[in-house]
Amino acid sequence: MTLDVAGITKRFGPLEVLKGVDLSVAQGNVVAILGPSGSGKTTLLRCLNFLERADGGSLTFDGERFDLAHMSRKDILRLRRKTAFVFQSYNLFLNKTALENVTEGLVTARKMNKADAVVKAERALERVGMLDRKDHYPVQLSGGQQQRVAIARALATDPEIIYFDEPTSALDPELIGEVLAVMRKLAEDGQTQLVVTHEMNFARNVSTKVVFMEDGAVVEEGPSQGFFENPREERVKAFLQTMERTP
Amino acid sequence: MNGRLLGILADSFPKILIPGLTRTIPLTAISFSLAMVIAVAVALAQFAGVRGLKQVCRFYIWVIRGTPLLVQLFVVFYGLPHVGVVIEPFTAAIFVFSINEGAYSAEIIRAALESVPVGQLEAGYCVGMSYPQIIRRIVLPQALRTAFPALGNSLIAMLKDTSLVSVVTVTEMMMATKQLNAIYYEPLALYLETAFIYLMFCTVLTKLQSWGERKLSVYERREAAA
Ligand SMILES: Nc1ncnc2c1ncn2[C@@H]1O[C@H](COP(=O)(O)OP(=O)(O)O)[C@@H](O)[C@H]1O
Ligand SMILES: [Mg+2]
């Protein structure tokens with residue numbers, strides 16, 4: 001799978017939030033998107049999964065090209081079924097157990113039979129270390145556990161890419177590690193990921209490529225080796241220094 | 001209390017209770033069920049923003065909530081026959097109560113739908129579900145859980161409001177009491193007896209309501225199931 005985004009634009013009223021962003025993610029890569037708050041990172045991910053409709057730009061997914069401003073409902077549904085999204089605030093289905101959260105996309109959306117879905121879901125919960133909590137409802141789980149179930153929900157559908165929007169930002173510091181560990185394991189298993197994050201260690205050590213966004217545009221990008229050692233742009237340097245100082 | 005009065009009360013008890021069981025309860029149960037169907041449909045049409053339909057729903061709610069139930073009963077029972085539409089009293093009562101309760105419950109359910117966090121819907125989209133699937137499996141169940149206590153209260157209120165249909169010749173408990181009073185002329189004792197029977201009915205409903213709430217709250221309980 002390859003994902004290529006070209007010239008994506010989006011405005012909210014007078015506010016130009018994405019000013020022509022280009023981005024590419026190759027099979028098995030983990031691309032980290034960094035950047036100050038308000039730079040349009042969330043909006044970018046949301047446009048890629050059509051939670052927001054982009055005003056312009058194109059998306060090439062597995063060689064198939066889509067015009068982001070004119071997507072048919074059918075194509076949206078089809079693309080969404082090849083991708084998965086992990087939210088900052090988990091968004092587990094509150095009326096469903098951990099297991100049901102994972103089977104829902106298989107049984108309801110993909111018409112898989114119940115028994116196969118349960119097997120698949122349990123395997124996904126196992127991978128994130130949540131199998132023993134499969135019958136718990138979201139309110140009965142910690143933030144870190146909810147986020148791991150959310151990752152299992154994403155995994156179970158065999159997505160070609162998983163979008164993560166600051167998956168650890170809502171977590172208490174002591175719970176961040178367990179979620180990052182799961183994401184690192186997925187990366188080792190070759191799962192393609194596009195991750196908006198403020199976790200510098202993750203970006204440095206797990207991701208293959210770093211993209212730095214500011215003010216709706218990509219300011220700098222490059223392989224994560226080297227990116228942190230010698231950023232070309234002054235503002236990137238300044239941002240990285242602030243991030244390294246704050247724990 | 002003298003023996004005569006006790007005799008009257010004992011004699012009238014089944015004569016009030018039976019219309020309660022054959023009229024008041026079925027009228028409430030049937031009307032409330034129909035009202036729920038109307039309410040969910042009207043609430044969803046607005047929530048989903050179905051164009052055209054939304055205005056129709058607002059108009060319906062505006063008219064029904066802005067006019068007294070008793071007037072609505074009179075319009076259907078006395079007004080319609082005047083222009084040739086004759087409806088049997090019990091049916092007319094069901095019609096009015098369903099339409100009336102449907103409007104109030106639609107607002108309760110709409111508010112509950114709107115209180116479901118938008119992230120629930122977005123998560124549904126992201127696992128590949130369609131809008132109708134998300135509504136049916138995720139949003140509506142959560143909304144109905146939220147609306148349940150308020151709907152339970154409406155049901156109890158409706159049971160008591162059915163006493164109004166005595167004025168349109170449906171022989172429910174209130175009408176039965178009036179007829180007994182015409183024979184015995186013991187208004188205080190007889191109306192208190194009727195009040196007592198209503199109270200029993202409502203007590204049962206209240207119990208059912210809290211049982212239902214407990215059942216429905218499984219996913220809101222913090223302590224784990226096992
Ligand atoms: N639905 C919206 N309506 C209006 N403005 C929005 C909306 N969503 C985001 N924005 C604005 O777009 C800008 C980028 O937001 P966002 O994509 O959330 O940035 P980031 O994730 O990088 O912090 C911000 O100025 C934000 O206020
Ligand atoms: Mg964001």
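Throughout, a chain's letter reflects where its sequence line sits, starting with A, and its residues are numbered from 1.
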- OH of B/Y198: more than 12 outside heavy atoms within 6.0 angstrom? yes
- Taking every non-hydrogen atom, the tightest pair across B/Q133 and A/T108: NE2-O, 3.0 Å
- Query: side-chain hydrogen bond (donor to acceptor under 3.5 Å, both in side chains) with A/N95: which of B/E220, B/R145, B/Q142, B/R137?
  - Reply: B/Q142
- Side chain, backbone, both or neither: which part of A/T83 has an atom under 4.5 Å from a heavy atom of chain B? backbone
- In terms of heavy-atom proximity below 4.5 Å to chain B, should A/R110 be classed as side chain, backbone, both, or neither? side chain
- Item | More than 12 heavy atoms from other groups under 6.0 Å of OH on B/Y78 | yes
- Message: Does B/F59 have more than 12 heavy atoms from other residues, nucleotides or ligands lying within 6.0 Å of its CZ?
- Response: no
- For the student: nearest non-hydrogen atoms of A/A109 and B/G128, plus distance: CB-O, 3.3 Å
- Is chain B contacted by the side chain of A/K82, its backbone, both, or neither, given a heavy-atom distance below 4.5 Å? neither
- Say you draw a straight line from NZ of A/K96 to OH of B/Y219; how long is it, rounded to the nearest 0.5 Å? 10.0 Å
- Message: So, taking the atom named CD in A/E104 and the one named CD1 in B/I138, what distance separates them when rounded to the nearest 0.5 Å?
- Response: 4.5 Å
- A/K120 atom NZ, neighbour heavy-atom count above 12 within 6.0 Å: yes
- Max heavy-atom pairs within cutoff under 4.5 Å with chain B, candidates A/L92, A/I76, A/L106, A/V86, goes to A/L92
- Message: Does A/E126, at its CD atom, have more than 12 non-hydrogen atoms belonging to other residues, nucleotides or ligands within less than 6.0 Å?
- Response: no
- Message: Would you say NZ of A/K111 has more than 12 non-hydrogen atoms from neighbouring residues, nucleotides or ligands within 6.0 angstrom?
- Response: yes
- Between B/Q120 (side chain) and A/L94 (backbone), is there a donor-acceptor pair under 3.5 Å? yes
- So which part of A/F93 gets closer than 4.5 Å to some heavy atom of chain B, the side chain, the backbone, both or neither? both
- Task: Begin with the C-alpha distance, continue with both residues' side-chain angles, and end with the deciding distance and a verdict on side chain to side chain contact (heavy atoms under 4.5 Å, CB included) for B/V218 and A/Y137.
- Result: CA-CA 8 Å; B/V218 309; A/Y137 286 94; 3.5 Å; yes
- Query: Do you know which two heavy atoms are closest between B/C126 and A/N49, and how far apart they sit?
  - Reply: SG-ND2, 3.5 Å
- Given the options A/R80, A/R73, A/R78, A/R46, which has more heavy-atom pairs under 4.5 Å with chain B than any of the others? A/R80
